[in-house]
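Accompanying notes for the structure given below.
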Amino acid sequence: MTSDFAAVAAHPVPPDTGPPNPVPPDTGPQLNLPAITRWFRRHGRELPWRHPDAGAWAVLVSEVMLQQTPVARVLEPYSSWMQRWPTPDALAAEPAGAAVQAWGRLGYPRRALRLHAAAAAITERHAGVVPATLDELLALPGVGEYTARAVLAFAYRRRAAVVDTNVRRVLQRRLHGNDDGRPATAADRAELLALLPAQHERAATASAAIMEFGALVCTARQPDCGHCPLPAGCLWLATGRPTATTPRRTQAWAGTDRQVRGRLLAIVRDAADRGVGQVLLPELESAWGEPVQRERCLQSLLADGLLVRSGPAVRLPGH
DNA sequence: GAGTCGTGGTT
DNA sequence: TAACCAAGACT
């Protein structure tokens, strides 16, 4: 089985001329990156951070914003962000609070702090240029195993195993017949890396293609197997699309610290939007009635640096 | 490895 | 409608 995959990977893109690739009668499961890439060239979305003129900073900003966040919700904040801060230097020149405010309601506002810190690091350590090595990218705040490789592939067109939840799902389904919904692992990256085209540019395109395929066709909830553009080779479909045996733990929300933190920060952020730089502590009581939890969450926001204590009030950092 | 960290649209 | 969940990172 493994040797079959290697053979496919060694000749990823057949020549445009000549007869179509003969489909082997029974090759077992295969990822089929060439077919996925052909589908992508025709059906992939035109997203602003995919524009040829979008540089590495644009890719980095988009990837951080897209962490656990749908594309549709990112589009507007991304546009405003890039217009205001077209370079890491521009963002680094402003206080972190400006980034938190501009983050708006994207969620996980610590990402805004990390992106601001990453911009500062890029300015200080890399002369304002987003680094192009894995180790240097991983050293940036908010950049993990996925995002680092996404920048390498999508911005610098390098051969890197970009495995997010979408890619992980496609790999698991087609090659292993599973759909466990678990996050990507190093083993997933190793598996994909062995299947990527040898050429950097082609590997980069294939990486974008498989991610898009997972986002649009081989989706988590309702995969459109009936219109799957790929020929046979999906072990998941062949085995009756088995569902996950281990149900994912439902994430609690009502009454959690996350909800309270969100309300607290929203009060200060909304005030900043109205030009009010500070919020007196009593004004935060409306966020949550229970004082112990409210205070605990306020302290955690201060500890994170999302808020700063200023006498009897709080404000966004640097405002 | 399991917990934590936002938000709002979808089913 | 309550549950689900969408391009992860960090501790």
Would you mind checking if [Y] and [X] are paired as a salt bridge, meaning a charged N to carboxylate O distance below 4.0 Å?
X        : Y        : value
A:Arg169 : A:Asp180 : no
A:Arg159 : A:Glu201 : no
A:Arg50  : A:Glu212 : yes

Of the nucleotides [options], which one has an atom closest to the side chain of [X]?
X        : options             : answer
A:Arg110 : B:dG6, C:dA7, B:dC5 : B:dC5
A:Thr147 : C:dA7, C:dA9, B:dT7 : C:dA9
A:Arg114 : B:dG8, B:dG6, C:dA9 : C:dA9

**Flag if over 12 foreign heavy atoms under 6.0 Å of CD, A:Glu290** = yes

How would you label the contact of [X] with the nucleic acid (heavy atoms, under 4.0 Å): base, sugar-phosphate, or nothing?
X        : answer
A:Trp49  : base
A:Leu106 : base
A:Gln259 : nothing
A:Pro183 : nothing
A:Leu306 : nothing
A:Asp257 : sugar-phosphate

[X] [atom1] to [N] [atom2]: how many Å, rounded?
X        : N      : atom1 : atom2 : result
A:Leu115 : C:dC10 : CG    : P     : 12 Å
A:Arg105 : B:dG9  : CZ    : P     : 10 Å
A:Arg182 : B:dG1  : CZ    : P     : 8 Å
A:Asp180 : C:dC5  : CG    : P     : 13 Å
A:Arg111 : C:dT11 : CZ    : C1'   : 18 Å
A:Arg258 : B:dG3  : CZ    : P     : 13 Å
A:Arg221 : B:dG9  : CZ    : P     : 13 Å
A:Gln222 : B:dT11 : CD    : C1'   : 8 Å

Can you confirm whether the side chains of [X] and [Y] place a donor and an acceptor under 3.5 Å from each other?
X        : Y        : value
A:Glu63  : A:Gln67  : no
A:Thr205 : A:Arg157 : yes
A:Thr256 : A:Gln259 : no

Distance check, [atom1] atoms only: [N] and [M], in whole angstrom units.
N      : M      : atom1 : value
B:dG8  : C:dA9  : P     : 23 Å
B:dT11 : C:dA7  : C1'   : 22 Å
C:dT1  : C:dC5  : C1'   : 16 Å
B:dG1  : C:dT11 : C1'   : 11 Å

Which atom pairs, one a donor and one an acceptor, fall under 3.5 Å between side chains of residues 97-106 of chain A and the rest of the protein, sequence neighbours left out?
{"residue": "A:Gln101", "atom": "NE2", "partner": "A:Ala272", "partner atom": "O", "Å": "3.3"}
{"residue": "A:Gln101", "atom": "NE2", "partner": "A:Asp273", "partner atom": "OD1", "Å": "2.8"}
{"residue": "A:Trp103", "atom": "NE1", "partner": "A:Gly107", "partner atom": "O", "Å": "2.8"}

| Quick one: is B:dG6 close enough that its OP1 or OP2 comes under 4.0 Å of any side-chain N or O from A:Thr69? | no

Here the residues of residues 56-67 of chain A within 4.0 Å heavy-atom distance, strictly under, of DNA chain C are A:Glu63, A:Leu66, A:Gln67

Between A:Pro141 and A:Gly214, whichever has its closest DNA chain C nucleotide further toward 5' is A:Gly214

Nearest-nucleotide check on DNA chain C, A:Leu47 vs A:Val143; residue mapping nearer the 5' end is A:Leu47

